[in-house]
Amino acid sequence: QVQLVESGGGLVQPGGSLRLSCAASGFTFSSYAMSWYRQAPGKERELVAGITKAGGSTNYADSVKGRFTISKDNAKNTVYLQMNSLKPEDTAVYYCNANRRTSYNEYVYWGQGTQVTVSS
């Protein structure tokens with residue numbers, strides 16, 4: 001059974017930091033690229049950061065570049081999102097995503113989300 005379980009969300013003041021974790025099970029984690037998405041109330045879900053299956057390449061939304069860092073530990077089947085210098089506009093539900101494409105299929109899994117609230 002595939003599971004992606006996010007943790008680490010919460011309430012933080014502007015300028016603060018949080019580290020999100022996503023623990024994966026039920027699939028070959030090292031074969032999947034991983035991403036973090038977020039969705040704020042009334043807005044569409046957007047890509048925040050992504051990392052390749054081996055962890056050698058990352059990409060970020062312009063709004064979080066220089067503040068967020070995504071990392072992947074294939075030994076622990078876990079992906080992280082370190083979030084620094086948080087702003088109120090970072091408030092959203094953050095979702096973990098696993099993705100693998102073959103010549104014939106695409107496999108996509110989602111976590112249940114974790115709430116991040118940035119407020120004084």
Side-chain angles (χ1 to χ4, degrees):
Q1 180 183 358
V2 171
Q3 280 193 310
L4 292 173
V5 180
E6 299 102 333
S7 60
L11 173 64
V12 64
Q13 291 188 341
S17 297
L18 283 175
R19 188 175 84 151
L20 305 183
S21 299
C22 173
S25 61
F27 63 98
T28 306
F29 183 74
S30 59
S31 295
Y32 282 69
M34 300 297 296
S35 300
W36 287 94
Y37 285 74
R38 67 185 180 187
Q39 187 166 21
K43 294 189 175 182
E44 292 187 356
R45 191 173 295 191
E46 63 173 353
L47 176 66
V48 176
I51 190 166
T52 52
K53 59 183 180 180
S57 181
T58 58
N59 63 284
Y60 298 92
D62 287 343
S63 58
V64 307
K65 278 181 183 175
R67 301 188 297 122
F68 290 11
T69 303
I70 187 171
S71 59
K72 188 175 190 268
D73 189 335
N74 285 335
K76 295 183 178 179
N77 285 4
T78 302
V79 62
Y80 305 96
L81 185 67
Q82 177 66 44
M83 305 186 295
N84 299 328
S85 303
L86 282 160
K87 305 175 181 180
E89 51 264 43
D90 294 318
T91 296
V93 178
Y94 283 70
Y95 297 91
C96 178
N97 169 279
N99 183 281
R100 176 175 176 252
R101 283 184 186 168
T102 69
S103 300
Y104 305 102
N105 289 297
E106 183 175 17
Y107 304 88
V108 181
Y109 307 123
W110 290 94
Q112 82 290 348
T114 185
Q115 176 70 47
V116 172
T117 302
V118 184
S119 175
S120 55

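If you read the sequence from its start, that first residue is 1, and numbering goes on from there. Scope of the values below: all heavy atoms of this structure, side chains included, with no hydrogens, waters or symmetry mates.
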What is the minimum heavy-atom distance between [X] and [Y], and which atoms define it?
X      : Y     : value
Ala24  : Leu4  : CB-CD2, 3.6 Å
Gly111 : Tyr95 : O-CD2, 3.7 Å
Tyr94  : Glu6  : O-OE2, 3.9 Å

Does the side chain of [Y] come within less than 4.5 Å of [X]'s, by heavy atoms?
X      : Y      : result
Val64  : Arg38  : yes
Asn59  : Ser57  : no
Gln115 : Thr91  : yes
Ser119 : Leu11  : yes
Cys96  : Trp110 : no

Using 0.5 Å steps for rounding, measure from the [atom1] atom of [X] to the [atom2] atom of [Y].
X      : Y      : atom1 : atom2 : value
Thr114 : Leu81  : OG1   : CG    : 11.0 Å
Phe27  : Asn77  : CZ    : CG    : 7.5 Å
Arg100 : Glu106 : CZ    : CD    : 11.0 Å

Item to complete: Determine, step by step, whether Ser35 and Asn99 satisfy the side-chain contact (heavy atoms from CB on, under 4.5 Å) criterion, reporting the C-alpha distance in whole Å, the side-chain angles of both residues, the deciding distance to 0.1 Å, and the verdict.
Response: CA-CA 8 Å; Ser35 300; Asn99 183 281; over 6 Å; no
Between side-chain atoms of residues 65-72 and protein atoms elsewhere (two or more places apart, or another chain), which donor-acceptor pairs fall under 3.5 Å?
| residue | atom | partner | partner atom | Å |
| --- | --- | --- | --- | --- |
| Lys65 | NZ | Asp62 | OD1 | 3.1 |
| Arg67 | NH1 | Ser85 | O | 2.9 |
| Arg67 | NH1 | Asp90 | OD2 | 2.8 |
| Arg67 | NH2 | Ser63 | O | 2.9 |
| Arg67 | NH2 | Asp90 | OD1 | 3.0 |
| Arg67 | NH2 | Asp90 | OD2 | 3.4 |
| Lys72 | NZ | Phe29 | O | 3.2 |
| Lys72 | NZ | Tyr32 | O | 3.2 |
| Lys72 | NZ | Lys53 | O | 2.6 |
| Lys72 | NZ | Asn74 | OD1 | 2.6 |

Quick check: is [Y] connected to [X] through a chain of hydrophobic side chains (ILVMFWY, heavy atoms under 4.5 Å apart)?
X     : Y      : answer
Leu47 : Tyr107 : no
Tyr37 : Val93  : yes
Ile51 : Tyr80  : no
Val2  : Met34  : yes

[X] side chain to [Y] main-chain N or O, any donor-acceptor pair under 3.5 Å?
X      : Y      : value
Thr78  : Ala23  : no
Gln82  : Arg19  : no
Thr102 : Tyr104 : yes

Worksheet item: Under the side-chain contact (heavy atoms from CB on, under 4.5 Å) test, which residues partner Ala40, sequence neighbours left out?
Response: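 Counting only residues at least two positions away or on another chain, Ala40 forms a side-chain contact (heavy atoms from CB on, under 4.5 Å) with Lys43, Ala92.
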